[in-house]
Structure formats: structure tokens, C-alpha cells
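Remember, it's a predicted structure, so these values are computed and weren't measured experimentally. Excluded from the calculations below are hydrogen atoms, water molecules and symmetry mates; all remaining heavy atoms, backbone and side chain alike, are included.
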Amino acid sequence: MTYDSPTQSPARAQFVDETPTGKRIVERTDGIVERLRDELGRDLTMVAAYNADVLEIHYFHETFREQYEPSDLDALAADLCLDGRMGDAFQEELLQLGRFNFVVKGFDDGLLLRVPLSDGTGVAVSTNLNAGEKVATLVPRIVEDCEVRVATRD
């Protein structure tokens with residue numbers, strides 16, 4: 001399939017527990033899910049890693065896993081992977097505020113935080129609104145401490 005627009009993305013979502021080892025994109029998690037669950041408890045709704053093509057979900061709260069269709073998750077993958085591919089270096093250059101560390105998107109029922117790692121890879125974490133201001137300080141620190149490694153695009 002040809003993608004004529006940079007906003008169209010062939011990215012897809014996959015659950016780590018449903019993906020054969022050879023098809024996974026995360027080379028190392030260093031316990032990030034456990035650490036985030038310890039800190040955020042039931043406020044944590046998703047932990048995923050992404051590269052240019054794949055959003056690999058390592059934790060998804062059971063309530064959400066039941067309510068999302070695969071096409072919804074692929075749309076989320078397309079959005080996160082596209083942001084990682086196109087936005088981070090541009091934001092650093094445009095704003096000249098130093099290294100781009102994270103972005104938080106706020107919604108009526110939750111927060112989505114994206115922490116870039118390198119070369120269009122990163123970690124995405126979502127929470128309910130109870131996590132509030134902890135998200136902007138806690139999540140980037142844990143991601144950095146865990147030294148997550150995600151394979152880049154082939």
C-alpha cells in the first residue's frame with residue numbers, strides 16, 4: 001500500500017504477550033512495567049514501546065483491553081509512531097529549548113505521555129487523571145532509569 005501523506009502511517013499495534021519473540025521490537029524493558037505499576041498503581045492504564053512501524057503494548061489495563069478494537073489500537077500506533085518519526089527532532093530545532101524529553105497529552109478521562117528514546121523510538125504511558133502531576137516527573141525518570149531498548153526500523 002502506498003502512503004501519499006506523511007500523516008498516513010502503516011504502523012500497527014501488537015501485544016507483547018501475543019507476539020512471537022522474533023517479532024518483538026523491545027530488546028530490553030529492565031522492569032519498567034513493574035516499576036510504573038508500583039508507583040502508579042491502578043492509575044496506570046498502558047505501557048508501550050514504539051518504533052517507526054510498531055507500537056508494542058507491554059501493559060494494558062484489562063478494562064481497556066476489552067473495550068478497544070484492533071483497528072483502534074492500530075490508529076493509536078499510527079499516531080504515536082508518526083509523532084516519534086517526524087516530531088521530536090523538529091521540535092528540538094524549532095523551539096531551541098534543549099533536548100526534547102517528553103510530551104503529555106491531556107484528555108477528559110486520562111493522560112498520555114510519550115518519552116522519546118532515540119532514532120524514532122520511545123515509550124508511551126497512559127494513566128487516568130488521578131495520576132495528575134506525578135506523570136510529568138515520575139514517568140520520564142523511570143523510563144530513563146530502566147534503560148529501555150527498542151529496535152529501530154529495519
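Across every non-hydrogen atom of G31 and C146, the tightest pair is C-SG, 4.3 Å. The two residues S126 and L112 come nearest to each other via the heavy atoms CB-CD1, 4.1 Å. Nearest heavy atom pair, residue R141 against residue R35, reads NH1-NH2, 4.2 Å. In plain terms, the two heavy atoms of R12 and V54 that are nearest each other are NH1-CG2, 3.0 Å. Across L73 and A13, no two heavy atoms sit closer than the pair O-CB, 3.5 Å. Annotation for Y50 and V123: closest pair CE2-N, 3.6 Å, computed over non-hydrogen atoms.
For A131, the side chain to side chain contact (heavy atoms under 4.5 Å, CB included) partners are L40, D43, T127, V135, not counting sequence neighbours. In this structure R37 satisfies the side chain to side chain contact (heavy atoms under 4.5 Å, CB included) test together with V33, L44, Y59, sequence neighbours excluded. For T63, the side chain to side chain contact (heavy atoms under 4.5 Å, CB included) partners at least two apart in sequence or on another chain are H61, Q67. Remark: R65 pairs with D17, E18 by the side chain to side chain donor-acceptor pair (under 3.5 Å) rule, at least two apart or across chains. Considering only residues two or more places apart in sequence or on other chains, E66 meets the side chain to side chain contact (heavy atoms under 4.5 Å, CB included) condition with none of them. Remark: D38 pairs with no residue by the salt bridge (Lys or Arg N to Asp or Glu O under 4.0 Å) rule, at least two apart or across chains. Residues passing the salt bridge (Lys or Arg N to Asp or Glu O under 4.0 Å) test with D109: none are found, sequence neighbours excluded. The side chain to side chain donor-acceptor pair (under 3.5 Å) search around T29 returns none, not counting sequence neighbours.
In this structure, the separation between CG on D30 and CZ on R149 is 8.5 Å, given to the nearest 0.5 Å. Atom CG in N128 sits 7.5 Å away from atom CZ in F64 (nearest 0.5 Å). With values rounded to the nearest 0.5 angstrom, Y68 atom OH is found 13.5 Å from D74 atom CG. The CD atom of Q14 lies 9.0 Å from the CD1 atom of I57; values are rounded to the nearest 0.5 Å. If you take CG on L138 and CG on L36, they are separated by 6.5 Å, rounding to the nearest 0.5 Å. Annotation: the span from I25 atom CD1 to L55 atom CG amounts to 7.5 Å, rounded to 0.5 Å.
Following chains of ILVMFWY side-chain contacts shorter than 4.5 Å, one cannot reach V125 starting from V16, and the two form parts of different hydrophobic clusters.
Atom CD of E69 has 12 or fewer neighbouring heavy atoms from other residues, nucleotides or ligands inside a 6.0 Å radius.
In this structure the side chain of V26 reaches within 4.5 angstrom of the side chain of H58, judged on heavy atoms.
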